[in-house]
A.B. asks: 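One structure follows; several queries about it will come next.
Note that these values count all heavy atoms, side chains included, but never hydrogens, waters or copies made by symmetry.
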Amino acid sequence: MKAYNQGFIYFICMVSAMGGLLFGYDWVVIGGAKPFYELYFAISESPVMQGVAMSTALVGCLMGAMVAGAWADKYGRKPMLIVAAVLFTVSALATGWFNDFVLFNVARFVGGIGIGVASALSPMYIAEISPAEVRGKLVSLNQMTIVLGILAAQIVNWQLAEPIPEGFTPTDILSSWNGQMGWRWMFWAEALPAASFLLLAFFIPESPRWLATRKVRVKSEELKVGNEKWAAARATLARIGGAEYAERELQAIAEADAAAQEQAGLATLFSRPFRRVLLLGIVIAVFQQWCGTNVIFNYAQEIFSAAGYSVGDVLFNIVITGIANVVFTFVALYTVDRWGRRSLMLLGAGGLGVIYLILGTCYYLEVTGFGMVILVVAAIACYAMSLGPVTWVLLSEIFPNRVRGVAMAVCTFALWTGCTTLTFSFPSLNATLGSSGTFWIYAAICISGFLFFRQRCPETRGKSLEQLEQELTK
């Protein structure tokens, strides 16, 4: 990146990626609070209510994903990032404040809307502002901040929770600081980074590709507005890579946009040139969730308890998985632009399929102890260096400029639909089939994903967004 303004690029990408940080924290913090708020709200014996509490934010994600694309195309990427920051801040404060289970879920729903918006907008914004040769690494920064947010939530949960003495009953836990206040502080801790994101989001520029593709009509006032946006796009691109780079990028954007000046909405997205790539995006998005790794974060208590660990040990083991998640996401930063997206997707799907087969067999044979932790960490590591970051890279790359916002919204909606069904179904699957049968199902899904990606997943490494548009929408 020697030819580019690295400081400026990393600043705007990292600010945008703070949406990923809060996404990761908000998404996982509930897992550490789970043993305590379930007792507080008296739902510890109700798998259905447990599923509701874990899934409410995910329903909010669906809502956020539905509106994010259309509003980002209409109002811009930057305003929607600011909206996400406001929602994260409000949810963090309200979730820990409420004593009523319904209001608790309302607050979680609000945070979920923020997750849905940020998960669609942060990688898309970074992709639109990044030079092609380092786009994979920069979009992967969003996944890095997601896993850092996950690790932060795990560490906060571990450190805030007071030690639980051996022999403590559920009644003892409920009356303890953990059961009354500890779980609240786990949510409140998110307010500080959320407020920081809200402040810093005002200092980043609007996406130059969004500015450059705004339709310029013949009316004088609209022409003036269009020219102002074109000039703003040129200024941002020039600050990234200089005047020559700015003109080259603007010319490519204009050429790609020249053939389609109509309003790009769902009708355009579902038309013949785009249906094939839309199907690919939806499968990639849903598979990232149905591969099963995310239940390890949300239901770590059940998974590690089934492997023979106490509640106190579970919180420590969760931190170990978080550290592995961060370390191997760093690996992805250095491989995504070297090995390529397709190779990493195949590695992730195939690797998880094998690990889940082994993990399910160990549960079936009632194996317990540290070996089970190793298998869980291996699954997290495989996911973190492949499916975790590469999914967001591919989704931000494969769609044309004029439909990227609505396409990301559709795919993000599909992703959170997959996540919601996965999260809600796990307690029932685990109760009915046991841990062994559940992980064997995930293994079958991963093997099916491997076969699909070997047939349909393209390589996007090193290609401009406009070049990919020509190749994928022939």
Side-chain angles (χ1 to χ4, degrees), residues 27-28 31 34 47-48 50-51 54-55 58 282-309 313-314 317-318 320-322 324-325 328 344-388 390-391 414-457:
W27 178 37
V28 168
K34 185 176 183 292
V48 173
Q50 291 173 21
M54 294 294 289
S55 303
L58 300 178
I282 290 173
V283 172
I284 290 171
V286 173
F287 180 75
Q288 193 211 46
Q289 298 301 311
W290 281 4
C291 73
T293 307
N294 290 330
V295 300
I296 295 174
F297 294 116
N298 287 324
Y299 290 104
Q301 178 191 1
E302 285 86 345
I303 291 170
F304 284 120
S305 294
Y309 287 94
D313 291 333
V314 163
N317 288 340
I318 291 173
I320 293 177
T321 65
N325 201 13
F328 282 89
L344 288 174
M345 291 295 286
L346 292 173
L347 173 65
L352 283 176
V354 172
I355 293 170
Y356 287 154
L357 282 173
I358 298 172
L359 190 60
T361 302
C362 288
Y363 276 120
Y364 181 77
L365 297 175
E366 299 183 352
V367 175
T368 60
F370 190 67
M372 299 296 283
V373 177
I374 295 297
L375 284 171
V376 170
V377 169
I380 294 294
C382 183
Y383 174 86
M385 69 174 292
S386 58
L387 302 176
V390 178
T391 291
L415 184 146
W416 290 117
T417 300
C419 188
T420 302
T421 55
L422 180 85
T423 304
F424 186 79
S425 65
F426 179 80
S428 299
L429 279 176
N430 204 36
T432 304
L433 302 176
S435 298
S436 58
T438 302
F439 278 100
W440 282 337
I441 288 176
Y442 297 152
I445 292 172
C446 289
I447 293 170
S448 299
F450 175 86
L451 296 175
F452 177 85
F453 294 136
R454 190 174 66 172
Q455 183 71 25
R456 299 289 299 274
C457 187

A.B. asks: Any chance you could measure F328, atom CZ, to I380, atom CD1, to the nearest 0.5 Å?
C.D. replies: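 Going from the CZ atom of F328 to the CD1 atom of I380 covers 11.5 Å.
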
A.B. asks: Taking it one step at a time, do V283 and R456 satisfy side-chain contact (heavy atoms from CB on, under 4.5 Å)?
C.D. replies: CA-CA 10 Å; V283 172; R456 299 289 299 274; over 6 Å; no

A.B. asks: According to side chain to side chain contact (heavy atoms under 4.5 Å, CB included), who are the partners of A414, at least two apart in sequence or on a separate chain?
C.D. replies: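 A414: side chain to side chain contact (heavy atoms under 4.5 Å, CB included) contacts with I282, V286.
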
A.B. asks: First locate atom OG of S436, then atom OH of Y364, and finally report the distance between them rounded to the nearest 0.5 Å.
C.D. replies: 7.5 Å

A.B. asks: Name all residues meeting the side chain to side chain donor-acceptor pair (under 3.5 Å) criterion together with W290; count only those two or more places apart in sequence or in a different chain, and write none if there are none.
C.D. replies: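 T421.
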
A.B. asks: Restricting to side chain to side chain contact (heavy atoms under 4.5 Å, CB included), what partner residues turn up for L346, sequence neighbours left out?
C.D. replies: R342, F450, F453, R454

A.B. asks: Using atom types as modelled, flag every donor-acceptor pair under 3.5 Å from a side chain in residues 348-362 to any protein atom, sequence neighbours excluded.
C.D. replies:
from, atom 1, to, atom 2, distance (Å)
Y356, OH, C291, O, 3.2
Y356, OH, T293, N, 3.1
Y356, OH, T293, OG1, 2.9
T361, OG1, L357, O, 2.8

A.B. asks: Taking all non-hydrogen atoms of both residues, which atom of A285 and which atom of T391 are closest, and how far apart?
C.D. replies: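 It is CA-CG2, 4.4 Å.
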
A.B. asks: With F452, which residues qualify under ring pair (Phe, Tyr, Trp, His ring centres under 6.0 Å), at least two apart?
C.D. replies: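 For F452 there are no ring pair (Phe, Tyr, Trp, His ring centres under 6.0 Å) partners, ignoring immediate neighbours.
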
A.B. asks: Mark yes or no for whether Q288, through its side chain, and G388, through its backbone, hold a donor-acceptor pair below 3.5 Å.
C.D. replies: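 The answer is yes, because a donor-acceptor pair under 3.5 Å joins these two groups.
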
A.B. asks: Determine the minimum heavy-atom distance between Q289 and G418, stating which atoms define it.
C.D. replies: CB-C, 3.8 Å

A.B. asks: L433: which residues meet the side chain to side chain contact (heavy atoms under 4.5 Å, CB included) condition with it, sequence neighbours left out?
C.D. replies: L429, T438, I441

A.B. asks: Can you find a pair of side-chain heavy atoms, one from V390 and one from M385, that are under 4.5 Å apart?
C.D. replies: no

